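Encoded as C-alpha cells, the structure appears first; notes follow it.
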Amino acid sequence: MRLGMNPQKQARKIQLKCQHRLIIVVFIPSLDGYYKNVLEVFKLCLESAIATTNSNCAITVVNNASCDEVTQYLKEQLGEEKIDTIIHHKENMGKIDALIGAARGSREPIISLSDVDILFQHGWQTEIENVFSNIKNVASVSPIPCRNFQNYETSSTLSKILRGKVKFEYKSISENHDAHNKYLESFRWNLETDKNLKWPVIESNNVEAIVGSGHQILSMRRELFFTTVPNAPSLILVGNNSEYLYCDQPINVSGGMRLATYNNWAYHMGNTVEDWMRDIQKKNLMEQGTSDNLEKFSLPNFTPKQPNRLWYKFKKRVVHKLFNLLHKKR
C-alpha cells in the first residue's frame, strides 16, 4: 500500500546544467601485451579532459568490462567528484554500442565521443562550441584537423560550399604543421615536410574551420543519434566498419557539415605515453580555469535529413566530382 504522494511528481521540470557532454569508452582487459601501458594513456586522457573542460561540459566514462585496476581508478575519480557519470559493463559490449548507448542516454545538445587515447589541450571545448554556435548546419566537429579527410564522407559539406552557403579557400596554416605530423605519426602514416601545404578552409560569421575530420574524437549534434544513426546495435567489438556506419556516414547523410577546428586542440596518443604528452598536460594544469567562457551558447536549429539512400549515393558521387573539378586539391 502506498501512503501519500511522491513529492517528485510536484517538482518542476529538470533544467540542464550544461550543454555539452564528453563520453570516453575505456576497454583495458589486462595490463600486459598491447595493453601494458594503456592504463597510463587512459589516465592522461581523463586527467587532460578534467583539466580542460569547464562547467558547461559534463564527463561520462563508460567502463566496458575493463580489468580491476581500471575499475578501482574510476571509483577514485568519481569519489573525488572529478567526473559526472560512470557506466560499468560486466561484459565487453563493443566500442560503438557502448558509445551510442551512452550518447542516447545523454540530454546535452552537443555530445563528444572520444577514444581512450586522446590528449585534450586547453581550449578544445570552447573552440568546438564556437564552430557549432557560429556556423549553420554543422553536424560534427573534431578538435583534430587533418588535411587528408577533405573527401571522406563530406559530400554534404562540399554541397554547401558549391551552393555558396559558406566561403571556401585553400589556405596555408603553418602553425598546424607539427601537430598534424604528430597525428600522422600516431598511425605510422607518412609525415609532411612542407609547412606551407594548403588546407581546405571554410568561413562563416568570421569563424574558420577545416573541411572533414577523423573519428577518434568527434563532437556531434544530439539529434543524429535518434535519426540517421542506425537503430540496431552494431554487435561489433571494434573496427570492422562500425565507426563508419554509426558515426561517419550518419553525419553525411544528415545533410550537416563535417568539420574540424581551424587549429589543433587535441592529440591521438596511441598506446604509449611520451614526454611531449606530459608537457602538454602540465600546460593544461597551469591554464586550468583561465579564460573560460562559462556563458551558455546559442545553437542554430538543425534538423537532420533522411534522404532516399539511392539518391544519396548518386548525389554523393556527383557532388565530389563537381567539387574536385571546380576546386582542385592542393
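Remember, it's a predicted structure, so these values are computed and weren't measured experimentally.
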May I ask you to test the [X]-[Y] pair for a side-chain heavy-atom distance under 4.5 Å?
X: Glu192; Y: Asn181; answer: yes
X: Leu31; Y: Cys67; answer: yes
X: Leu299; Y: Arg221; answer: yes
X: Gln121; Y: Trp265; answer: yes
X: Ile210; Y: Val201; answer: yes
X: Val116; Y: Phe27; answer: no
X: Met269; Y: Cys45; answer: yes
X: Asn264; Y: Ile144; answer: yes

Donor-acceptor contact below 3.5 Å, side chain [X] vs main chain [Y]:
X: Arg258; Y: Ala139; result: no
X: His122; Y: Glu287; result: yes
X: Ser66; Y: Val26; result: yes
X: Ser254; Y: Ile251; result: yes

Sorted by chain and residue number, the side-chain hydrogen bond (donor to acceptor under 3.5 Å, both in side chains) partners of Thr261 (sequence neighbours excluded) come out as none

Across all chains, not counting sequence neighbours, the side-chain hydrogen bond (donor to acceptor under 3.5 Å, both in side chains) partners of Ser186 are His268

In this structure, are over 12 heavy atoms from other groups packed under 6.0 Å from [X] atom [atom1]?
X: Arg188; atom1: CZ; value: no
X: Glu91; atom1: CD; value: no
X: Lys316; atom1: NZ; value: yes
X: Asp279; atom1: CG; value: yes
X: Lys171; atom1: NZ; value: yes
X: Phe226; atom1: CZ; value: yes
X: Asp194; atom1: CG; value: yes

For [X] against [Y], the heavy-atom pair lying closest together:
X: Asn176; Y: Pro145; answer: ND2-CG, 4.2 Å
X: Tyr246; Y: Ala232; answer: OH-O, 2.6 Å
X: Pro200; Y: Gln150; answer: CB-OE1, 3.4 Å
X: Ile24; Y: Asp115; answer: CG2-O, 4.0 Å
X: Ser155; Y: Asn252; answer: OG-ND2, 2.9 Å
X: Val62; Y: His89; answer: CG1-CD2, 3.5 Å

Spatial distance of atom [atom1] ([X]) from atom [atom2] ([Y]) [nearest 0.5 Å]:
X: Thr53; Y: Phe120; atom1: OG1; atom2: CZ; result: 9.0 Å
X: Arg278; Y: Glu40; atom1: CZ; atom2: CD; result: 7.5 Å
X: Leu74; Y: Gln72; atom1: CG; atom2: CD; result: 9.5 Å
X: Lys136; Y: Lys160; atom1: NZ; atom2: NZ; result: 12.5 Å
X: Ser242; Y: Ile100; atom1: OG; atom2: CD1; result: 9.5 Å
X: Phe297; Y: Asn134; atom1: CZ; atom2: CG; result: 10.5 Å

Decide whether [X] and [Y] are clustered together by the hydrophobic rule: side chain heavy atoms of Ile, Leu, Val, Met, Phe, Trp, Tyr closer than 4.5 Å, transitively.
X: Ile217; Y: Tyr262; answer: no
X: Val273; Y: Ile118; answer: no
X: Leu218; Y: Ile111; answer: yes
X: Leu113; Y: Val138; answer: yes
X: Leu119; Y: Val141; answer: no

Going by distance alone, is a donor N or O of one side chain under 3.5 Å from an acceptor N or O of the other, for [X] and [Y]?
X: Asn56; Y: Gln19; result: yes
X: Gln281; Y: Asn284; result: yes
X: Gln125; Y: Asn54; result: yes
X: Asn37; Y: Asn271; result: no

For Tyr170 and Phe168, take the angle between the two ring planes, folded into 0 to 90°, and tell me which bin it lands in: parallel under 30, tilted 30 to 60, perpendicular over 60.
perpendicular

Does the plane of the ring in Phe149 sit parallel, tilted or perpendicular to the ring in Tyr152? Use 30° and 60° as the thresholds.
tilted

Charged N to carboxylate O under 4.0 angstrom, Glu47 versus Lys82?
-> no

**Report entry** Check against side-chain contact (heavy atoms from CB on, under 4.5 Å), Asp117 and Val38
**Finding:** CA-CA 8 Å; Asp117 56 356; Val38 177; over 6 Å; no

- Task: Dump the intermediate steps for side-chain contact (heavy atoms from CB on, under 4.5 Å) on Ile96 and Glu243, then the final yes or no.
- Result: CA-CA 7 Å; Ile96 282 296; Glu243 287 94 345; 4.1 Å; yes

Residues pairing under side-chain hydrogen bond (donor to acceptor under 3.5 Å, both in side chains) where one sits in residues 103-113, two or more places apart or in two chains, turn out to be His20-Ser112, Arg21-Glu108, Ser112-Ser219

Step by step, would you call Ile135 with Asn205 a side-chain contact (heavy atoms from CB on, under 4.5 Å)?
-> CA-CA 7 Å; Ile135 302 178; Asn205 290 328; 5.9 Å; no

- Working for side-chain contact (heavy atoms from CB on, under 4.5 Å), residues Val211 and Phe323: CA-CA 13 Å; Val211 175; Phe323 182 88; over 6 Å; no

